[in-house]
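Note that ligands are numbered from 1 as they come in the structure, with each ligand's atoms numbered from 1 the same way.
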Amino acid sequence: MAERTLRGARLGGQSFEDERGIEFAARQQVGYKCPQGHEFEITMSVEAEIPAIWECPRCGVEALSTSGIEPEQKVEKPARTHWDMLLERRSEKELEDILKERLELLRGGEIGPAHLHRANAKKRVAG
Ligand SMILES: [Zn+2]
């Protein structure tokens, strides 16, 4: 259960709330153009993350930013490997212990591919 709640916690933790909302925030005009050809500008704080898409005030269709911001550019997400996910559940020490345990079973012919399994088991009995 904990694994699921942890998942999104690291991303997007960058809201500055309004602790310095009293200060004058620098503004910028961000241009958009909808597929119908309506062009408009939205005033935003320079600190704001500029959305790639804004709803056209005239026809309600999604308009694309004219300042070259591409939608679906989610670069922030760090790639998580299987190893990373594994380390979230087990420490390296634990993993080493598990590996050791499994290797012992494998060498003892108790686990592993069937052909190895039997051959090793027989050898063991014989030896
Ligand atoms: Zn429009």
Where the side chain of T66 meets the backbone of G31, is there a donor-acceptor pair that is under 3.5 Å apart?
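Side chain of T66 to backbone of G31: a pair is present.
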Examine distances only and state if a side-chain atom of E94 and a backbone atom of S91 form a donor-acceptor pair shorter than 3.5 Å.
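Confirmed, E94 side chain pairs with S91 backbone.
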Y32 and W54 aromatic ring geometry - parallel, tilted or perpendicular at 30°/60° bounds:
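W54 vs Y32 ring planes: tilted.
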Tell me if the CD atom of Q28 is crowded by more than 12 foreign heavy atoms within 6.0 Å.
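Atom CD in Q28 is packed in, count exceeds 12.
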What's the shortest heavy-atom distance between E55 and G60, and which atoms?
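Nearest heavy atoms, E55 then G60: CG-O, 3.3 Å.
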Protein N, O or S atoms lying under 2.8 Å from the Zn ion (ligand 1), listed by chain and number
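Only C34 SG, H38 ND1, C56 SG, C59 SG fall inside 2.8 Å of the Zn ion (ligand 1).
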Test E88 against R80 for salt bridge (charged side-chain N to carboxylate O under 4.0 Å, His left out), laying out the working first.
CA-CA 11 Å; E88 280 169 23; R80 249 157 112 250; 2.8 Å; yes
